[in-house]
2 protein chains.
Amino acid sequence: MFKPITIKDIAQALELSPSTVSRALSDSYEINEETKKRIIEYAEKHNYRRNPMASSLRHGRSYSIGVVVCEVANSFFSQAIDGIESVAYGKGYHVIISQSHDSYEREVVNIQHLANRAVDGLLISMSAETKDFSHIANLHGHGLPIVFFDRIIDSFETHTVTSNNREGARMGTQSLIDRGFRKIAHLANAPHLSITAERLDGYKTALKQHGIPLDESLVRYCHHGGRVQQEVEDAVRYFLSLDEKPDAIFVASDRLSMGCLSAFNKLAPEDEHLSVAGFSNSDVLDLLQPGFTCIRQPAFEMGRVAMEMLIQLIESHYPVYEFENTVLSTELISR
Amino acid sequence: MFKPITIKDIAQALELSPSTVSRALSDSYEINEETKKRIIEYAEKHNYRRNPMASSLRHGRSYSIGVVVCEVANSFFSQAIDGIESVAYGKGYHVIISQSHDSYEREVVNIQHLANRAVDGLLISMSAETKDFSHIANLHGHGLPIVFFDRIIDSFETHTVTSNNREGARMGTQSLIDRGFRKIAHLANAPHLSITAERLDGYKTALKQHGIPLDESLVRYCHHGGRVQQEVEDAVRYFLSLDEKPDAIFVASDRLSMGCLSAFNKLAPEDEHLSVAGFSNSDVLDLLQPGFTCIRQPAFEMGRVAMEMLIQLIESHYPVYEFENTVLSTELISR
DNA sequence: CTGAAAGCGCTAACAA
DNA sequence: TTGTTAGCGCTTTCAG
């Protein structure tokens, strides 16, 4: 049905060889200006576009990269994707987004799908469920360039980009302490995510710095990262059921913050109040909950940096042995 | 660097011809079960994957489709994408998502980028800015299968999927009327979008049915679809400045609803109240604004149907001349 | 400055 | 049941 014009067609029409046309179209210096002009004009007139598949096959490169995130309907990730795209387009790369929905199984399928040469490299933020990394190890072992961002794993020798989760969590928790709260709960993400441990650590540090003893019963994990609202509700209900209720909560993520606020609205009695601070890149949350103090990650920047690192890996002609672990700083937005 | 195993490698190792291997791997009936087993085992052991580029080049098909939406960080579109993916994966298609950010220019670039054989077909929801369709007309004219969904244009002979915007808007407006409001404003999307006209129409119908005269000054458009918060604030400020302020607003979209609620929070005096109803597929909005009545579109279903139609176009061996304009129904969620 | 030819990996006639 | 061959569209030596 859809039969685009090829280099051969142009060559025939202009009575030249395909190689000449190819060269002219990539603006080779060894082609007569006159001829070049003729070719380019003809190509434009018949709106020729290079067949990317043939080109890729020839080069052994697809000029596209795969991004694996848990979901795109998430301010943090969509901002990161914008950052990725901003670099990718500039360097002539395509971006293929794929969502794991925080399911291990889907993550495996998607990565497999992307991997075999359909992409030149992978930008991965781990799913909340993933504990076994062999699907990635395999590809990485065969030399597929991979950069991890945000939810990283350190069992691989490669570049990573994260934000300063410890410091962010510390600042967030401290902001609650500064407002006079002492019984501060922590609503955490899935336990085996890198960000979960780091943020928990920051929370603990803040408590320690102010001589507040850590109460393990005030820390609750959400194994599905809040994707299942039920688990958030369970956690909030648990907090509300305690003899000594917490007077504030420090929440580990965007989605959890939303879940937490809405669960609280639903479960708590009218007159009950609870102060919440947490990680969030959501404008909506800002807008609708003016009192909400949040830790903002430089998501766009993170995407940008990750993509730049990936391109560096892809385009390097020698194997790379030195890896960077970039840590960007977070920002406290309090009101 | 990354050098995956090819059919030729397998053939060599097993002392067979590439074609035999190829056939075995696509489970051809004409290959000896014994040989087939050997080949498949070897392939699995060395985890062979078919090079999609070569395969595509050969078939003249990429088995991937492009999706063009304004943004993914939007409940409606991310749900629609989930619907699209659910069908696509089942049928062996890849989904390449690209965001126009409601900019005409980016839409043109993205579509160009996707079009030339990198994809077998396109699923498009128009950007708010787009008035000129020649970039699409061109491709469509050359036979590239295209299905429009949600924000459609009817200057093309092809399938479309929308929801019943008129009826949704009518129900939403009526719900406000039922609650006793008479001065109902309408915060509309960009004027040249199909959905804008339809929703405006539904709003008018509801007013008419209840004998409320239409006051044109109560209708305000957002030319950037609410992407620029300023324009939403301007509209809200305008409503608040009227001598006869509206007592309710019917809002045309997700993003506008958020913008509107937050602008109102920001601009209106404490004691001022305003009832809002509007189109929205956002869970967050539901959660944080319990009083918000919304019109929900079957986004997932819309994606599903659009993708099925597209596959039908792609896989049809004859030119298709009969086109369907599917309209799915919307749902009123009131509280 | 231009052309001929080979080959990226895969598949499908055609032959055997 | 298996092999041979040609070619998808593009690029790049190598040879004029």
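All chains are named by letter (A, B, ...) in the order of the sequence lines, taking the proteins before the strands, and each is independently numbered beginning at 1.
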Round to a whole Å and report the spacing from CD1 of B:I7 to C1' of C:dG9.
7 Å
How would you label the contact of A:T6 with the nucleic acid (heavy atoms, under 4.0 Å): base, sugar-phosphate, or nothing?
sugar-phosphate
Does D:dC10 have OP1 or OP2 under 4.0 Å away from a side-chain N or O of A:S55?
no
With DNA chain D as reference, determine whether B:S17 or B:A54 sits nearer its 5' end, using the nearest nucleotide of each.
B:S17
If you count heavy atoms of other groups shown closer than 6.0 angstrom to CD of B:E105, is the number above 12?
no
Name the residue from A:L25, A:D27, A:T20 that meets the side chain to side chain contact (heavy atoms under 4.5 Å, CB included) definition with A:K36.
A:D27
A:K8 NZ to D:dG7 C1': how many Å, rounded?
8 Å
Side chains of A:E107 and A:T130: is there a donor and an acceptor less than 3.5 Å apart?
yes
Do the side-chain N or O atoms of B:T20 get closer than 4.0 angstrom to the phosphate oxygens (OP1, OP2) of D:dG3?
yes
When we call it a touch if two heavy atoms are under 4.0 Å apart, what does B:S19 touch: a base, just sugar-phosphate, or nothing?
base
Do any side-chain nitrogens or oxygens of B:R58 fall under 4.0 Å of OP1 or OP2 in D:dA6?
no
A:L57 atom CG is separated from C:dC10 atom C1', nearest whole Å, by 8 Å
What is the distance from CD1 of B:I5 to P of C:dG9, rounded to the nearest Å?
12 Å
Expected list for residues 21-43 of chain B near DNA chain D, using heavy atoms below 4.0 Å, is B:R23, B:E30, B:I31, B:N32, B:T35
Going by distance alone, is a donor N or O of one side chain under 3.5 Å from an acceptor N or O of the other, for A:S26 and A:S28?
no
How long is the line joining OH of B:Y63 and P of C:dT11, in whole Å?
10 Å
To the nearest angstrom, how far is A:H59 atom NE2 from D:dT13 atom P?
10 Å
Please report, rounded to the nearest Å, how far the P atom of D:dC10 is from the CE atom of A:M53.
11 Å
Output yes when a side-chain donor or acceptor of B:T158 lies under 3.5 Å from a complementary backbone atom of B:I146, and no otherwise.
yes
Salt bridge (Lys or Arg N to Asp or Glu O under 4.0 Å) with B:R227: which residues, sequence neighbours excluded?
B:E71, B:D102
In degrees rounded to 10°, what angle is found between the helical axes fit to the five outermost pairs at each end of the helix from C:dC1-D:dG16 to C:dA16-D:dT1?
50°
Quick one: sort the B:Y42 and B:H46 rings into parallel, tilted or perpendicular, breaks at 30° and 60°.
parallel
Taking the six-membered ring for Trp and the single ring otherwise, decide whether the centroids of A:H135 and A:Y104 are under 6.0 Å apart.
yes
From B:S98, B:S127, B:S100, residue fulfilling side-chain hydrogen bond (donor to acceptor under 3.5 Å, both in side chains) relative to B:N110:
B:S98
Rounded distance (Å) that lies between atom C1' of C:dA4 and atom CG of A:L16
14 Å
State whether B:Y48 places a side-chain N or O below 4.0 Å from either non-bridging phosphate oxygen (OP1 or OP2) of C:dC10.
yes
No-hydrogen, no-angle side-chain donor-acceptor test under 3.5 Å, A:R61 and A:Y93:
yes
